[in-house]
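Proteins get letters first, then strands, A, B, ... in listed order; numbering begins at 1 in each. Here the structure is a predicted model, which means the values were calculated and not measured.
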Amino acid sequence: MATIISVTDLSKSFSDSLALNRINFTVEKAELIAIIGPSGCGKSTLLRCLNGLELLDEGSVQIGDVNLERHHGEQPPDFQQRLRALREEVGMVFQSFNLFPHLTALENAIKAPMVVRKMKRAEAEEKARVYLEKVGLGNRMHHYPSQLSGGQQQRAAIARALTMSPKVMLYDEPTSALDPGLVGEVLSIMRQLDDEGMTQVVVTHEMRFAREVADRIIFLQQGELVESAPPEELFTAPRDDRTREFLKDFL
Amino acid sequence: MEPRRLENQKANRTRQKAKGRHFLFFKEGKEKVSSALLIFEICLLPFDFSFFFVLLVSSWFIFSPSLTVAADDLRWGADSEGGAPFVFSKPDNPRELIGFEVDLVNALGRELNRRPTFVQNQWDGLIPGLQRGNYHIAMNGLEITPERQRVINFTIPYYATVEQLAVRAGTTGINSLADLKGKVAGALKFSLAHTLLEKAGGIEVRTYDSQVSCLDDLIFGRLDAALMELPVAVYYVKPNPKLQFAGEPFEPVLYGIGVRQQDQALLAQLNDALRTLMKSGELRGIYEKWNIWNKDTEKLFVELVGAPQSTPATSPANSTQAYEDFTKVITNKPTWGERLRRYWSYLPFLLFQGAPMTLLISILGMIVAMAVGLVLALTNLYGPRPLVWLSRSYIEVIRGTPLLIQLYLIFYGLPSVGIKLTPLVAAVVGLGLNYAAYEAENYRAGIQSIPRGQMEAALSLGMTRAQSLRHVIVPQALRLVIPPVTNDFIALFKDSSIVSVITMVELTKVYGQLATAYYDYIGVGILTAAIYFLLGLPFVKLARYAEKRLATDQRTPVPAKRRWFGVK
């Protein structure tokens, strides 16, 4: 197994409060990592640090060949280029979908490949169709986001990210904004991607999903990485009291 | 086979739909976006073609040699709205200008062997226009005063007259300036009469852009008296039963032709020509035809060229023909049928001379405003600190100062630093740069109302900030700002009437010319207002249509058949 993500001594603070404190972990290729923890524990911030939507203050994030490194808020001169190179390799899925409302599902998916990768329209469309069909939106490609249900929108957002052929997919609470009935259709796509060998990092509250699908679970609390373990170990025999306390309802 | 073909058709249709939309608002870009030119690039997106077209057109106007006219041209600056008997529209054919100064300039042109060309200019801006080089001579009842002689040269006087007070018919007790103490009196702005009223002291002075509106106010009772030169009084007070002369004329006035100080040769030629016309009796003939020949002018002619060798050939019977034609028009009360027929005959004049210019100025002005406004908004939001400060200041200063003064500065002020714009370019630039400040704030509001997640999503897909703005944020913002931008366009459309101060002849100016011709402000005014309204309507419709079509995030049910701008 090859390491694809490695996070070293990552710290991040917002004005006065420390959001993340010296986080260290690695992700192997084709793993699905679930990040769990109570609200405000810094799990979304950690995920956003992975693709530079939040800038880390200290430490480094290495994804594939690209390294984001900052020390005392200082960064290498080519940091912006690195950031963009990294984002091209990392797909992101948001809690509120963030589809582009002025574009159809298909146009949403082909926009970035055409703009960023300078792909021809026909080529991009061909590629986007594959992924849209994969997420079950083959007959909804020409619909605008407003014409899609929440679950369909989130699936379109996943297809949009996949059309950039990322090496890693990040999900920021992908099912939190969905009606309970629509959660399953999104989770099953992640399950399917996992089967196909995609590396995925998911911030989630879906404990059952985490337990069933994740290769490893990272538990964060108050900006600290408390425990990182395979689900069976974490759910049955947590080593830390804080983990035990958080999971007691699920144990 | 069959299903696949169907699918291809569907795909084609999608592509067509997409094309239709880009045509109006934005163009898909496979162009390279270099980060150095980022803001500029983004700004071009809605204007890919139109903006360059404007640049092209305006550079042509800027560099075209339209102001350096051929030598055999004699460009003559005057205000056709000024009224009789100087220069005014012929009542039954508003395209034709008549008046004693028209006759005089034709005679002068013949003497100088140059072709006279009329240049429309607001009366109170005749001297700046002359200095700017818009025309060779300014002749429109310009009184020779020491103040004016400091900035331009005058020929020998071509006409002598006096000032005359006018009051409402039946008024008693006002016979001189002294009687006006504590009363309200009006005069043409910046005229000698204006100066005299000011100097008299104790009089509340109101000034007007045209003689006719001054007299209207006298009739309505807003003024107690009006002061003007005798020819004006003869034409507008004498035939009007609601008005009468008050007291004796006073204060001799001399009219001269204004020439730039550097044009010494032209000045000498004009003086020679005037002397010739005085000697031959032709000039006297012109004045008699217009019924303004008087003792003062006779004395002036004797002083300048000696006693007349012979009396002019004009016979008293037809000598005042022009004056009689005019009074007939003024005093005649037209029937409704006559009125309607007259308005009908004005329509082509308003529609083909005024309206196209108004449309051209408004559309080009709005394109400039939208392009510059977008640049300002983006710099304001995303530019480096000094540029933010600069665009902020631009917006505040431009919004906070009057458009009229900005236009004056662009038209009359810039030539002193070597930038001489034609009236059309000055109008478009002036209106465009002014409205850009308002558009910038519209765009800023629009851009700021796009949720932050949109930018994050675009960035996380690997787009640069500029690409995100161009492909994701701005297209969404543009739709949001359609209503306020339409609002501004309609405002600009009507504000465009202000450019008559920099010599443009557009709808409102044409209205003024037509209204003075028959002394009819209300009827022609309603007609003109209706034309403005009807011309603006299609743009409002178009904006509503575009807004509806682009409102993709409010469309809930899936329509069975979607149409894009008529493309099925």
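More than 12 non-hydrogen atoms from other residues, nucleotides or ligands lie less than 6.0 angstrom from CD of A:Glu196. Heavy atoms from other residues, nucleotides or ligands lying under 6.0 Å from CD of A:Glu126 number 12 at most. Within a 6.0 Å radius of CG in A:Asp78, other residues, nucleotides and ligands contribute more than 12 heavy atoms.
The part of A:Leu99 that comes within reach of chain B is its backbone (N, CA, C, O), which places non-hydrogen atoms under 4.5 angstrom from that chain. Neither the backbone nor the side chain of A:Val93 comes within contact range of chain B, judged by heavy atoms closer than 4.5 Å. Residue contact with chain B, scored on non-hydrogen atoms closer than 4.5 Å, is absent for A:Arg117. Only the side chain of A:Phe94 comes within contact range of chain B, with heavy atoms under 4.5 Å apart.
With respect to chain B, the highest number of heavy-atom pairs below 4.5 Å among A:Glu89, A:Arg48, A:Met119 belongs to A:Arg48.
Of the possible donor and acceptor atoms, none in the side chain of A:Glu88 sits under 3.5 Å from a partner among the backbone N and O of B:Ser460.
A:Leu53 contributes atom CG, which lies 9.0 Å from atom CZ of B:Arg452 (distance to the nearest 0.5 angstrom). Separating the CD atom in A:Gln81 from the OG1 atom in B:Thr464 is a distance of 11.5 Å, to the nearest 0.5 Å.
Nearest heavy-atom pair, A:Arg84 versus B:Gly462, reported as atom, atom and distance to 0.1 Å: CG-O, 3.4 Å.
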Evaluate B:Leu461 against A:Arg87 for side chain to side chain contact (heavy atoms under 4.5 Å, CB included), listing each step before the verdict. CA-CA 6 Å; B:Leu461 284 164; A:Arg87 283 172 180 160; over 6 Å; no

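Taking 4.5 Å as the limit, every side-chain heavy atom of A:Met92 sits out of range of all side-chain heavy atoms of B:Glu456.
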